[in-house]
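Encoded as C-alpha cells, the structure appears first; notes follow it.
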Protein chains: 2
Amino acid sequence: MSQKPFVSAQEVAERAGVSRSAVSRTFTPGASVSPETRRKVVEAAEALGYHVNHLARGLMRNESGIVCLIVSEMGTPYRSTLIRALTQQLQNAGKIAMLVNTDRSDGSVGLALRQAIRYRADASIILSGMPDKSITQLCLKNGQRLVLINRDDDQEGPFRINLNDAVAAGRLVTAFLRAGCRRLAFANSEAGTPSLMAREHGFVAAAKAMGLEVVVERYGPTAYESGRVLAQRLLTLSERPDAVFCATDLIACGFMDAARHQFSVSVPDQLCVAGFDDIEQAAWSSYELTTFAQPVEAIAREAVRWLGRVDAQDPSARDHSIRLDADLVWRSSIRGG
Amino acid sequence: MSQKPFVSAQEVAERAGVSRSAVSRTFTPGASVSPETRRKVVEAAEALGYHVNHLARGLMRNESGIVCLIVSEMGTPYRSTLIRALTQQLQNAGKIAMLVNTDRSDGSVGLALRQAIRYRADASIILSGMPDKSITQLCLKNGQRLVLINRDDDQEGPFRINLNDAVAAGRLVTAFLRAGCRRLAFANSEAGTPSLMAREHGFVAAAKAMGLEVVVERYGPTAYESGRVLAQRLLTLSERPDAVFCATDLIACGFMDAARHQFSVSVPDQLCVAGFDDIEQAAWSSYELTTFAQPVEAIAREAVRWLGRVDAQDPSARDHSIRLDADLVWRSSIRGG
DNA sequence: TTGTAGGCGTTATCAC
DNA sequence: GTGATAACGCCTACAA
C-alpha cells in the first residue's frame, strides 16, 4: 500500500505547529516541556497514530532496551516458567525480551549471541548452554551485559546466578534417613551441567558422611523418558534402592510412573522419591512429588535488578555472582514429613 | 568503560582501506563486490569484531526483521511448545522473535501491539487474547502484518490460523459410543474463547444428532485445577457420566486425577476421558490420554510462510484464513480403540 | 566495481 | 521552554 506507513516525529511537529525537538521532548521522560506544548503534541500524535521509533532511539542513545534470552528446550516446564518470569520482569522494567532458540550443537550459543549483538541488545541472559570464552569477551567488549543462570562457571565478567544445589541435595539425605530409607540412589541425566553434577555430588557426599553408599545412574537428557529408563536400571538391581533422588522433576515423574505402572513398586511405601525444580506437574496428585523449588521469581528479579544497575561495569560492583536457596517442598512422595 | 563500544562500518572501511559502501555491500546479500574487496573487508571486520547494526539497517530498509509474539500464560505446556516452534521457524527464516507477556486485562494486548509498533516489528503473532478492532487497524495502517492463532474472529486484514475444532469434537462422539458410553459430559473452562466454544458446540451437536444429551459444565481458566473442580461437579451427579470430553489436556489431567484419587472412579473402565492439545503430559503413563494433537509445527510453518509472502498486502492473496486439522491420538483413556 | 552524497527518525547540544 | 543543527550507523542512488 503506502510506501511510508509509519508516521514520524516530523509530521507530528508540523501538525502540532511545533518543532521536532518539542515532539521528542514530549516523549522523553524527565524532559522539560510546557503543558501547553505537550498538549498540542500529544493531540497531534494521537490523531496521526504516532509511535516513537525505538530503532532510531536506540541508535542515538546507544541503548536499545532489548534483552536477549538464550534458551534451549524452551517447551520444558521449568524453562518456560523461567522465561515467563523474565519477560514479565523485563517488561515491568521498561525493557523488552528477544527470544533465541539454541540446540545442543556447539556453536549454537555463539550464533545466538552474535544475533544479540547485531540487534544491539543491552544484555543477554543465558539459560542453557555455555558460550565460548571468546564469544563472551566479544559481548562484553561490545558493551553488552551477560547473565548466566544456573551455568556455574568461573568466568569473570558475566553476572552469574546459581543455586545452592549441593547444600540442598545434602539436606535430602537426612529426610530419606528419617523416612527409614537405607539404600540410596541418584538418578541423573547425562547432560552433565554444573547444576546437575552439584546435586549429585552434594547428595553422594552427604550420604557418605552418614556412612551410606549411593548408587548413581546417568542416562539421556533431563526428560521424562530418561526417568523411565533410569527406573528400569535401578529397580532391577538385586539390592533394590528404597530411596531415589532424581536430578530434575521431569526425571522424577518418569521414574515414578515406571516404578508404579511397570514394576508395581509403591511410592512412598516401598520407595521414596524426590526431585528438583518444583514444576507444576510435581504438585499434581498423580505425583505429589517432594522436590526443591527453583526460586524462579527471585532469579528473574535479581537478573533484571543487575541489568538496571548503572554501575554494573564498575569494578567496585564486583559481586558478579549470587547464590540463591532452593527450598524443599514437602509432599507425599517421601514417607513421614 | 569505553564510550563507543560498538565498532561501525566506518572503522572497518578505514582498516580495510576501502569505502563505507564497500563494507555495506559486503554484508548485503546479492550486492556486487569483487572477491578481493570482500576478502579485505571480511578480514578487517573479523579482526575488529564488527557486526551489522540491525537497528540502523531496519531504519533504512523500513524492515526490522523483528516479529512480535504476544502471549499470555506462556508457562503452560501447549503455549510454550508453540512458542518454541515459532521462534525456531522464525530463526530459520532469518527473523527474530520478540516476546511480550499479556495478562487477562482488557488493554493488555493493545499495549503489547503498541510495543511492537515502537520497535517497528514487521509482524505480530497473537497467541492469546483479542485485540481491539481499532488497534488492529492501527497495526495494519502501520504496515505491520498480523497473525491470529486460534483466535477465531472475522476481522478482515489479519491472517487467521484456526483448527477444525468442531469437526474434531464431533468425531469423538462416535468414539465414545463405540466404547459403550451413553452418558456424555463436556468439561470446559469459563474462558469462552472461540476455540473452546467450538469444541463444546461441535461435541454437543454431534451427540444430539445421535440422540444423546450432553451435560456441560464450565469453570475457571484452562488449567489443571479447573479439571479437579469440574470432576467434583460432574462426578457427584446422580446420573454420573461415563464419558467426558475435556476442552484441554490440562483440564483432562486434573479431571482424571480427581476421578481416580478422590472419587475412586476407574479410567477407562468406569469413565472414558478425552482431551485436546496433546501436551507432553498426555503421553505420560499416569494419564495415557486420548486427545487431539495441535499441529504445532504446521501452525508455525504456515504463520512464517505467510509472513514471507511478498504479496501479503495484495488483495488477490486474500486467503486470509486457514484451517488445519487436529488429529486424534489414541491412548488408553478410552476403552477399545 | 567502486566511491560520494544524502537521508532514514531519533536524541543531544547549544544557542535563544 | 523552545528551535535549529549535528550526530548515530546504515543503505541506496548516482556518478566515476
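Quantities reported herein were computed from a predicted structural model and do not represent experimental measurements. Letters A, B, ... are given to chains in the order of the sequence lines, protein chains preceding strands, and every chain is numbered from 1.
For B:Glu14, the side chain to side chain contact (heavy atoms under 4.5 Å, CB included) partners two or more places apart in sequence, or in a different chain, are B:Gln10. Judged as a ring-ring contact (aromatic ring centres under 6.0 Å, His included), and not counting sequence neighbours, A:His51 has no contacts. With sequence neighbours left out, the salt bridge (Lys or Arg N to Asp or Glu O under 4.0 Å) criterion links B:Arg305 to B:Glu302. Residues forming a salt bridge (Lys or Arg N to Asp or Glu O under 4.0 Å) with B:Arg120 (at least two apart in sequence, or on another chain): none. Under the rule for a salt bridge (Lys or Arg N to Asp or Glu O under 4.0 Å), the partners of B:Glu36 that lie at least two apart in sequence or sit in another chain are B:Arg39. Contacts of B:Lys95 classified as salt bridge (Lys or Arg N to Asp or Glu O under 4.0 Å), with partners at least two apart in sequence or in another chain: B:Asp122.
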Donor-acceptor pairs under 3.5 Å, side chain of residues 22-33 of chain A to any protein atom, not counting sequence neighbours: which ones?
residue: A:Thr26; atom: OG1; partner: A:Ala22; partner atom: O; Å: 2.7
residue: A:Thr28; atom: OG1; partner: A:Ser24; partner atom: O; Å: 2.8

Which atom pairs, donor and acceptor, lie under 3.5 Å between side-chain atoms of residues 125-136 of chain B and protein residues at least two apart or in another chain?
residue: B:Ser128; atom: OG; partner: B:Ser72; partner atom: N; Å: 2.9
residue: B:Ser128; atom: OG; partner: B:Ser72; partner atom: OG; Å: 3.4
residue: B:Ser128; atom: OG; partner: B:Arg79; partner atom: NH1; Å: 3.2
residue: B:Thr136; atom: OG1; partner: B:Asp132; partner atom: O; Å: 2.9
residue: B:Thr136; atom: OG1; partner: B:Gln155; partner atom: OE1; Å: 3.1

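Less than 4.0 Å separates DNA chain D from at least one heavy atom of each of the following residues of residues 28-43 of chain A: A:Ser32, A:Val33, A:Ser34, A:Thr37.
Phosphate contact (OP1/OP2 of D:dC10, side-chain N/O of B:Arg57, threshold under 4.0 Å): absent. Here A:Tyr50 reaches the OP1 or OP2 of C:dT10: one of its side-chain N or O atoms lies under 4.0 Å away.
Residue contacts for B:Phe27: at a heavy-atom cut-off of 4.0 Å it reaches no nucleic acid atom on any strand shown.
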Any protein N or O atoms within reach of nucleotides 4-7 of chain D? Criterion: under 3.5 Å, listing atom names and distances.
residue: D:dA4; atom: N7; partner: A:Ser21; partner atom: OG; Å: 3.3
residue: D:dA4; atom: N6; partner: A:Ser21; partner atom: OG; Å: 2.9

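As rounded to whole Å, 14 Å separates atom C1' of C:dG6 from atom CG of B:Leu59.
Residue pairs meeting the salt bridge (Lys or Arg N to Asp or Glu O under 4.0 Å) criterion with at least one partner in residues 48-70 of chain B, sequence neighbours excluded, do not occur; the list is empty.
Within the helix from C:dT1-D:dA16 to C:dC16-D:dG1, the inter-axis angle between the opening and closing five-pair segments is 30°, rounded to 10°.
When all heavy atoms are compared, the tightest approach of B:Ser34 to B:Thr37 is OG-OG1, 2.6 Å.
Looking at which nucleotide of DNA chain C each of B:Gly17 and A:Val23 is closest to, the 5′-most match is held by B:Gly17.
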